[in-house]
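Note sheet for the following structure.
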2 protein chains.
Amino acid sequence: MKQKDTKQNILDAAEELFAVDGYHGTSLRTITKKAGVNLASVNYHFGSKEELVVEVLRRRLVPLNESRIKKLQKVLLDEKLLQQPVGVEAIMRSFIEPTLKFRDASPGAMSFLSLIGRALAEPDDTVRKKFASMMEPVFHLMLEGLVKALPGYPKEVLFWRLHFTIGATSHTLRCIDNVPMDKEGKMGTLSTEKLVAMLLPFVTAGMEAPL
Amino acid sequence: MKQKDTKQNILDAAEELFAVDGYHGTSLRTITKKAGVNLASVNYHFGSKEELVVEVLRRRLVPLNESRIKKLQKVLLDEKLLQQPVGVEAIMRSFIEPTLKFRDASPGAMSFLSLIGRALAEPDDTVRKKFASMMEPVFHLMLEGLVKALPGYPKEVLFWRLHFTIGATSHTLRCIDNVPMDKEGKMGTLSTEKLVAMLLPFVTAGMEAPL
DNA sequence: GTCTATATGCCGATAGAC
DNA sequence: GTCTATCGGCATATAGAC
């Protein structure tokens with residue numbers, strides 16, 4: 001059972017460090033030192049630094065996205081059964097709320113939230129594209145729902161508004177424990193629940209903005 | 001006049017490379033090679049890589065922010081003279097529109113837009129904080145205007161909504177020529193003007209969302 | 001002011017003992 | 001599976017010739 005511990009320790013350490021310093025800014029030496037394992041073990045267990053970061057992303061992102069998709073499909077199904085138009089807020093909630101529950105569920109998730117916030121901004125092509133491909137099914141389903149929820153809105157407009165939503169969300173996750181640009185009074189940290197209560201009306205209203 | 005050319009060439013090359021590969025992902029070797037100058041000249045003219053990136057940011061950000069502030073002050077002044085409440089859209093426009101005009105004005109600005117989009121997401125503390133300090137006066141003035149434009153809205157709410165606006169904007173700038181996550185059809189590049197026409201209603205509606 | 005040459009150190013990755 | 005030792009390369013920064 002030593003193998004599993006080693007792999008797990010590496011993933012945990014890498015998750016935290018990538019979240020803070022980014023992919024390029026984190027070295028395998030720092031990761032293995034923090035994990036208390038040997039430098040060579042990363043290459044043994046994962047093959048390369050790149051495959052490691054992909055695994056760090058996948059470990060939490062796949063279940064999270066499954067939860068998002070499940071919630072979204074339920075929303076879209078309810079709409080069909082009740083014969084009423086889909087609520088935009090319900091769709092946006094199905095994207096944002098699982099993030100909150102996900103955080104409460106696992107202990108190391110806080111830094112992972114920063115990490116997924118950072119992943120989209122990562123300059124490295126391979127990492128960003130891998131991340132994008134993991135997120136693609138969620139966005140596709142959301143866009144589909146939004147097209148139904150907002151008839152008369154061109155799909156291109158909804159696509160860009162979804163794009164803005166992703167930007168607002170990922171920026172928030174990235175800065176979740178370090179909000180910059182507060183000269184007076186320091187806004188400090190907000191509980192994730194309150195933060196969703198802030199974010200949800202903003203993106204919903206933005207999505208429903210008149211053409 | 002050789003000095004000025006060398007400095008200028010370094011700044012131009014660095015701007016473009018930082019925009020694409022980020023701060024950590026760009027080496028002084030790559031910069032000096034692209035600029036056609038000697039490796040040592042960066043340290044001679046700027047002192048260090050860090051001071052170089054700060055100068056790259058400052059060169060364009062200071063005039064851009066002056067333009068933003070000027071526009072914003074005009075909006076706030078008009079409101080005083082005309083005795084009418086400030087329009088939220090006008091405030092948001094004063095932030096977003098100068099970016100567009102700035103792009104049309106200077107040739108290398110396209111990559112700079114990606115760069116300022118990336119600067120906020122940069123893991124490096126020093127770079128990000130320097131950038132934040134350059135942006136602070138703009139955000140302070142915007143928040144001031146928004147408090148007046150939206151009486152009854154708690155300042156904390158407006159602060160966070162401004163934060164979301166920054167996220168949406170910077171994410172868009174970062175991806176301005178490389179929009180990800182488009183499975184079908186490829187949304188392709190949008191002209192900056194059209195992009196502002198998309199972004200402005202979104203953030204305005206988000207800012208005015210009911211409590 | 002601009003160059004070459006180099007100091008010094010960390011990087012990711014691997015070979016080979018155990 | 002895990003270790004030590006090390007390879008080859010590139011990083012930033014500087015010293016000193018011109």
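All chains are named by letter (A, B, ...) in the order of the sequence lines, taking the proteins before the strands, and each is independently numbered beginning at 1.
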Legend entry - Listed nucleotide nearest any side-chain atom of L39(B), set dA13(D), dG1(C), dT14(D): dA13(D)
Legend entry - Which nucleotide in dT2(C), dA13(D), dT4(C) has an atom nearest any side-chain atom of H45(B): dT2(C)
Inset, instruction - Grab the CD1-P distance between I31(A) and dA13(C) for me, whole Å please. - result: 11 Å
Inset, instruction - Mind checking side-chain hydrogen bond (donor to acceptor under 3.5 Å, both in side chains) for S111(B) and listing every partner two or more places apart, or none if nothing turns up? - result: none
Inset, instruction - Identify, between G47(A) and G36(B), the residue whose nearest nucleotide on DNA chain C lies closer to the 5' end. - result: G36(B)
Legend entry - Nucleotide nearest Y44(B) (side chain, heavy atoms from C-beta), chosen from dG1(C), dT14(D), dG12(C): dG1(C)
Legend entry - Between C1' of dA11(D) and CZ of R29(A), the distance in whole Å: 13 Å
Inset, instruction - Quick one: label T32(A) by what it contacts on the DNA or RNA (base, sugar-phosphate, nothing), any heavy atom closer than 4.0 Å. - result: nothing
Legend entry - Side-chain N,O (T6(B)) to OP1/OP2 (dT2(C)) below 4.0 Å: yes
Legend entry - Any S27(A) side-chain nitrogen or oxygen under 4.0 Å from OP1 or OP2 of dC11(C): yes
Inset, instruction - Indicate, with a heavy-atom threshold strictly under 4.0 Å, whether S41(B) touches base, sugar-phosphate, or nothing. - result: nothing
Inset, instruction - Establish, with yes or no, whether the OP1 or OP2 oxygen of dA13(D) is under 4.0 angstrom from a side-chain nitrogen or oxygen of N43(B). - result: yes
Legend entry - d(NE2, H24(B); C1', dC10(C)) in whole Å: 12 Å
Inset, instruction - Report yes if at least one side-chain N or O of N38(A) is closer than 4.0 Å to OP1 or OP2 of dG1(D); otherwise report no. - result: no
Legend entry - Nearest-Å distance for atom pair NZ/P, residues K49(A) and dC10(C): 15 Å
Legend entry - With sequence neighbours excluded, residues passing ring pair (Phe, Tyr, Trp, His ring centres under 6.0 Å) with Y23(B): F18(B)
Legend entry - Check ion pair D124(A)-R128(A) (N to O, under 4.0 angstrom): no
Inset, instruction - For E50(A) and dC11(C), give me the distance from atom CD to atom P, rounded to whole Å. - result: 18 Å
Inset, instruction - Answer yes or no: are there more than 12 heavy-atom neighbours, outside E208(B) itself, under 6.0 Å from its atom CD? - result: yes
Inset, instruction - Please report, rounded to the nearest Å, how far the P atom of dT2(C) is from the CZ atom of F46(B). - result: 11 Å
Legend entry - Ion pair D21(A)/R118(A), N-O distance below 4.0 Å: no
Legend entry - Which nucleotide in dT4(C), dT14(C), dA13(C) has an atom nearest any side-chain atom of A40(A): dT14(C)
Legend entry - Rounded interatomic separation in angstrom, taking NZ from K33(B) and P from dT2(C): 21 Å
Legend entry - First encountered from the 5' end of DNA chain D, between V37(A) and T30(B): V37(A)
